[in-house]
Amino acid sequence: CERVLQHLDDPDSAVRELVRVTRRRGRVVLVDTDWESLVLDGLPDGLVDEAREAMLAKSGVHTRMGRTLRRRLVAAGLRDVEAHPVTIA
């Protein structure tokens with residue numbers, strides 16, 4: 001599931017459904033954005049603040065989704081859950 005959960009009203013229901021339909025020993029992989037960790041460089045300070053706010057306003061319902069994925073999988077009953085944060089430069 002790639003960059004979908006941030007747009008859902010009830011992302012936990014979607015995660016539970018992914019877990020439910022995954023066969024035994026299968027894998028559930030979630031990829032999503034943490035918009036609140038967005039950092040911009042090379043712009044005047046005032047413009048950075050405006051750009052960040054504009055991106056957060058358009059980013060979806062859940063601006064911290066990326067940092068909550070592991071917790072959501074564990075809450076859905078999965079074990080041996082790994083999280084691998086990736087930064088893009």
Side-chain angles (χ1 to χ4, degrees):
C1 178
E2 183 179 354
R3 290 178 288 198
V4 171
L5 297 175
Q6 65 182 305
H7 300 288
L8 302 179
D9 290 333
D10 188 0
D12 291 317
S13 288
V15 172
R16 285 190 302 272
E17 184 64 7
L18 286 168
V19 171
R20 186 186 73 76
V21 301
T22 300
R23 68 177 169 219
R24 189 171 183 193
R25 296 186 179 273
R27 293 183 182 196
V28 176
V29 178
L30 304 178
V31 177
D32 222 313
T33 306
D34 182 343
W35 289 103
E36 292 186 17
S37 67
L38 177 68
V39 177
L40 302 170
D41 188 26
L43 299 173
D45 289 340
L47 188 54
V48 168
D49 294 339
E50 288 179 33
R52 186 172 189 277
E53 290 303 314
M55 293 203 56
L56 287 174
K58 292 182 178 182
S59 66
V61 178
H62 304 283
T63 58
R64 298 180 182 186
M65 183 55 67
R67 73 180 82 172
T68 69
L69 298 177
R70 184 183 185 286
R71 173 182 57 80
R72 292 173 190 277
L73 289 168
V74 170
L78 293 182
R79 298 184 190 135
D80 300 322
V81 177
E82 297 180 19
H84 300 276
V86 176
T87 58
I88 299 172

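All values below come from the heavy atoms of this structure, side chains included, with hydrogens, waters and symmetry mates left out.
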Taking a hydrophobic cluster as the set of Ile, Leu, Val, Met, Phe, Trp and Tyr residues connected by side-chain heavy atoms closer than 4.5 Å, whether directly or through intermediates, do W35 and L8 fall within one such cluster? no

With a 4.5 Å cut-off on side-chain heavy-atom distances among I, L, V, M, F, W and Y, is there a chain of contacts connecting V31 to V19? no

Does L5 form a side-chain contact (heavy atoms from CB on, under 4.5 Å) with L69? I'd like the steps, not just the answer. CA-CA 9 Å; L5 297 175; L69 298 177; 3.8 Å; yes

In terms of heavy-atom contacts, D32 and Q6 come closest through OD1-NE2, 2.9 Å

Roughly how far, to the nearest 0.5 Å, is the NE2 atom of H62 from the CD atom of E36? 12.0 Å

Once rounded to the nearest 0.5 Å, what's the spacing between atom CG of L73 and atom CD of E82? 11.5 Å

How about CZ on R3, more than 12 heavy atoms from neighbouring residues, nucleotides or ligands closer than 6.0 Å, or not? no

Take atom CG in D10; do more than 12 heavy atoms of anything else shown fall under 6.0 Å from it? yes

Does L78 form a side-chain contact (heavy atoms from CB on, under 4.5 Å) with T22? I'd like the steps, not just the answer. CA-CA 11 Å; L78 293 182; T22 300; over 6 Å; no

What distance do T33 atom OG1 and I88 atom CD1 have between them, rounded to the nearest 0.5 Å? 7.5 Å

Non-hydrogen atoms of R67 and S37 that approach each other most closely: NH2-N, 4.3 Å

L18 with V81, same ILVMFWY side-chain cluster at under 4.5 Å: yes

